[in-house]
S.K.: 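Once you've had a glance at the structure underneath, I'll fire off some questions.
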Amino acid sequence: MRYRNVIFDMDGVLIDNSEGIIDCARETVKTLGLKDLSDEEYRLFIGPALMYSLKTYAGASDEESERGYRIYRKLYFERGIDEYRIYDGVEETLAELNAAGVVCTIASGKPVESIKHILDRSGLMKYFARYEGTIKPKKYSDKTAQTIAAIADRPAVMVGDRVFDLRAAACAGIDSIYALYGFCVSGDTDEIKPTFTVKEPRGIADIVLRSGK
């Protein structure tokens with residue numbers, strides 16, 4: 001066994017929730033009166049903190065980004081939160097890791113209540129020893145605190161699909177697995193090279209339990 005603890009990001013690693021996030025982000029941008037973005041630009045909203053995305057990708061001011069957070073949160077909890085699917089192979093991978101004695105945890109930029117809701121509804125809660133998310137709105141996309149808090153044993157590895165995950169793993173002093181099947185963005189790995197990459201969830205168990213590349 002290479003790692004005793006696997007820390008998972010949620011969006012783009014465990015679930016594909018692009019439809020719900022993009023739909024709510026698009027309506028938020030429209031309500032704020034900002035210019036509409038392309039589908040690819042809205043995909044960039046998946047991963048970072050919402051206020052960061054509104055400012056960085058939609059050109060929102062500080063006041064608009066804070067108002068946008070309130071608008072988005074209402075939309076998301078009304079309908080967007082349940083618009084997702086579990087990636088093929090995720091549940092089998094989690095079961096295999098648990099059976100081998102690997103502790104699985106979550107470090108996400110999502111609000112804690114969102115993580116709990118999705119884990120409860122999806123049936124994935126039973127695979128995780130703990131989950132760490134945000135308690136209050138964040139203006140920046142630094143996930144280091146959640147990642148450190150999610151470390152339940154060592155050696156540990158972080159599985160993520162954006163540069164924010166890779167950066168958090170590096171700051172926490174642990175290895176990383178870059179999920180190519182998620183919402184990866186060109187240039188993400190220019191800054192930080194992941195320890196491993198996977199093309200599908202099943203590859204995670206190969207790396208953790210054996211000697212996958």
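Every heavy atom of this structure was used, including side-chain atoms; hydrogens, water molecules and symmetry mates were not.
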S.K.: Under 6.0 Å between the ring centres of Phe45 and Tyr42?
M.R.: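 Judged by ring-centre distance (under 6.0 Å), Phe45 and Tyr42 do meet the cut-off.
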S.K.: Taking CG in Asp88 as the centre, count heavy atoms belonging to other residues, nucleotides or ligands within less than 6.0 Å. Is the count above 12?
M.R.: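 Open: at most 12 neighbouring heavy atoms sit under 6.0 Å from CG of Asp88.
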S.K.: State plainly whether one hydrophobic cluster holds both Val112 and Tyr84, where clusters connect Ile, Leu, Val, Met, Phe, Trp and Tyr through side-chain heavy atoms under 4.5 angstrom apart.
M.R.: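 Yes; Tyr84 is reachable from Val112 via cluster members.
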S.K.: Please check if Val102 and Ile7 belong to a single hydrophobic cluster, counting links between Ile, Leu, Val, Met, Phe, Trp and Tyr side chain heavy atoms closer than 4.5 Å.
M.R.: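 No: no chain of side-chain contacts under 4.5 Å links Val102 to Ile7.
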S.K.: So how far is it from Lys193 NZ to Tyr178 OH, rounded to the nearest 0.5 Å?
M.R.: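 Spacing of NZ (Lys193) from OH (Tyr178) equals 10.0 Å.
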S.K.: Report yes if some heavy atom in the side chain of Asn17 is under 4.5 Å from a heavy atom in the side chain of Lys110; otherwise report no.
M.R.: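 Counting from C-beta outward, Asn17 and Lys110 do come under 4.5 Å.
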S.K.: To the nearest 0.5 Å, what is the distance between CD1 (Ile81) and CD1 (Ile118)?
M.R.: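 These two atoms lie 5.0 Å from each other.
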S.K.: Taking all non-hydrogen atoms of both residues into account, name the closest pair between Tyr72 and Cys24 and its distance.
M.R.: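 Taking Tyr72 first and Cys24 second, the nearest heavy atoms are CE1-CB, 3.4 Å.
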S.K.: If you round to the nearest 0.5 Å, how far is CZ of Arg130 from CD1 of Ile115?
M.R.: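 Rounded to the nearest 0.5 Å, the CD1-CZ separation comes out at 13.0 Å.
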S.K.: I want to check something: taking the side chain as every heavy atom from C-beta on, are Ser108 and Glu132 in contact at a cut-off of under 4.5 Å?
M.R.: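 No - every pair of side-chain heavy atoms lies 4.5 Å or more apart.
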S.K.: Tell me whether Glu113 at atom CD has more than 12 heavy atoms from other residues, nucleotides or ligands lying less than 6.0 Å away.
M.R.: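 Correct, the count exceeds 12.
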S.K.: Judged by atom type as modelled, is there a donor-acceptor pair below 3.5 Å linking the side chain of Asp165 to the main-chain atoms of Asp161?
M.R.: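 Side chain of Asp165 to backbone of Asp161: a pair is present.
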S.K.: Can any side-chain N or O of Arg2 pair as donor or acceptor with the backbone N or O of Ile207 at less than 3.5 Å?
M.R.: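 Yes.
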S.K.: Ignoring hydrogens and geometry, is there a side-chain-to-backbone donor-acceptor pair from Ser141 to Ala49 under 3.5 Å?
M.R.: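 Between the backbone of Ala49 and the side chain of Ser141 there is a qualifying donor-acceptor contact (under 3.5 Å).
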S.K.: When you compare the side chain of Phe8 with that of Leu94, does any pair of heavy atoms fall below 4.5 Å?
M.R.: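 Yes, side chains in contact.
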S.K.: Measuring from Leu34:CG to Lys55:NZ, what's the distance to the nearest 0.5 Å?
M.R.: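 Those atoms lie 13.0 Å apart.
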S.K.: How close do Arg79 and Glu27 get, heavy atom to heavy atom, and via which atoms?
M.R.: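 Answer, listing the atom of Arg79 first, then Glu27: NH2-OE1, 2.5 Å.
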S.K.: Determine whether Ile86 and Leu14 make a side-chain contact, defined as any pair of heavy atoms from C-beta on separated by less than 4.5 Å.
M.R.: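 Ile86 vs Leu14: side chains apart.
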S.K.: Could you tell me if the side chain of Tyr131 sits less than 4.5 Å from the side chain of Met125, heavy atoms only?
M.R.: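 Met125 vs Tyr131: side chains touch.
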S.K.: Which heavy-atom pair separates Gly68 from Leu32 by the least distance, and what is that distance?
M.R.: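 Distance-wise, the nearest heavy atoms are CA-CD1, 3.9 Å.
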S.K.: With a 4.5 Å cut-off on side-chain heavy-atom distances among I, L, V, M, F, W and Y, is there a chain of contacts connecting Met158 to Tyr87?
M.R.: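 No, separate clusters.
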S.K.: Kindly say whether Val13 contributes a backbone atom to a donor-acceptor pair with the side chain of Tyr181 at under 3.5 angstrom?
M.R.: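 The answer is yes, because a donor-acceptor pair under 3.5 Å joins these two groups.
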S.K.: Side chains of Thr56 and Leu44: closer than 4.5 Å at any heavy-atom pair?
M.R.: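 No - every pair of side-chain heavy atoms lies 4.5 Å or more apart.
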S.K.: Would the distance check show the side chain of Thr147 and the main-chain N or O of Ala107 forming a donor-acceptor pair, the cut-off being under 3.5 Å?
M.R.: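 Not at all, since once roles are kept as given, no pair shorter than 3.5 Å links the two residues.
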S.K.: If I compare all heavy atoms of Asn5 with all of Ala150, which pair ends up nearest, and what's the gap?
M.R.: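 In this case the closest contact between Asn5 and Ala150 is OD1-O, 3.6 Å.
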S.K.: Return the minimal non-hydrogen interatomic distance between Asp16 and Phe183, and the atom names on each side.
M.R.: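 Answer, listing the atom of Asp16 first, then Phe183: OD1-CZ, 3.4 Å.
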S.K.: When you measure from the side chain of Lys74 to the backbone of Arg70, do you find a donor-acceptor pair of N or O atoms at a distance under 3.5 Å?
M.R.: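 No, Lys74 side chain to Arg70 backbone: no donor-acceptor pair under 3.5 Å.
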S.K.: Out of curiosity, does Tyr57 fall in the hydrophobic cluster containing Tyr69 (side-chain heavy atoms, cut-off under 4.5 Å, transitive links)?
M.R.: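 Result: yes, single cluster for both.
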S.K.: Treating Arg162 as the side-chain partner and Ile46 as the backbone partner, does any N or O pair qualify as donor plus acceptor under 3.5 Å?
M.R.: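 Looks like yes, one N/O pair under 3.5 Å.
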S.K.: Sub-3.5 Å donor-acceptor pair from the side chain of Thr93 to the main-chain atoms of Pro201, do we have one?
M.R.: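 Yes; judged by distance alone, with no hydrogens or angles, the pair exists.
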S.K.: Does Leu54 belong to the same Ile/Leu/Val/Met/Phe/Trp/Tyr cluster as Ile71, with side-chain heavy atoms less than 4.5 Å apart forming each link?
M.R.: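 Cluster IDs for Leu54 and Ile71 match.
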S.K.: Could you tell me whether the side chains of Tyr127 and Glu91 share a donor-acceptor contact shorter than 3.5 Å?
M.R.: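 Side-chain D/A pair, Tyr127 to Glu91: present.
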S.K.: Taking the side chain from Thr195 and the backbone from Ser176, do they hold a donor-acceptor pair closer than 3.5 Å?
M.R.: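 Looks like yes, one N/O pair under 3.5 Å.
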S.K.: Any sub-3.5 Å donor-acceptor pair from Asp175's side-chain atoms to Ile177's backbone N or O?
M.R.: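 Checked: no pair found.
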S.K.: Taking the side chain as everything from C-beta on, heavy atoms only, tell me whether Lys126 gets closer than 4.5 Å to Asn98.
M.R.: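 Not touching, per the 4.5 Å side-chain cut-off.
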S.K.: Starting at CD of Glu92, measure out to CZ of Arg202 and round the result to the nearest 0.5 Å.
M.R.: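 Glu92 atom CD to Arg202 atom CZ measures 5.5 Å (nearest 0.5 Å).
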S.K.: Run Asp39 and Arg26 through salt bridge (charged side-chain N to carboxylate O under 4.0 Å, His left out) and show every step you take.
M.R.: CA-CA 9 Å; Asp39 287 346; Arg26 190 186 301 277; 2.5 Å; yes
S.K.: For a quick test of reading the model, state the closest non-hydrogen atom pair linking Pro111 to Arg73 and the distance between them.
M.R.: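 For Pro111 versus Arg73, the nearest heavy atoms are CG-NH1, 4.0 Å.
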S.K.: What's the separation between atom CD in Glu83 and atom OH in Tyr76, rounded to the nearest 0.5 Å?
M.R.: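 Atom-to-atom, Glu83:CD and Tyr76:OH are 9.5 Å apart.
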S.K.: Can you tell if the side chain of Arg43 reaches within under 4.5 Å of the side chain of Val185, non-hydrogen atoms only?
M.R.: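 Arg43 vs Val185: side chains apart.
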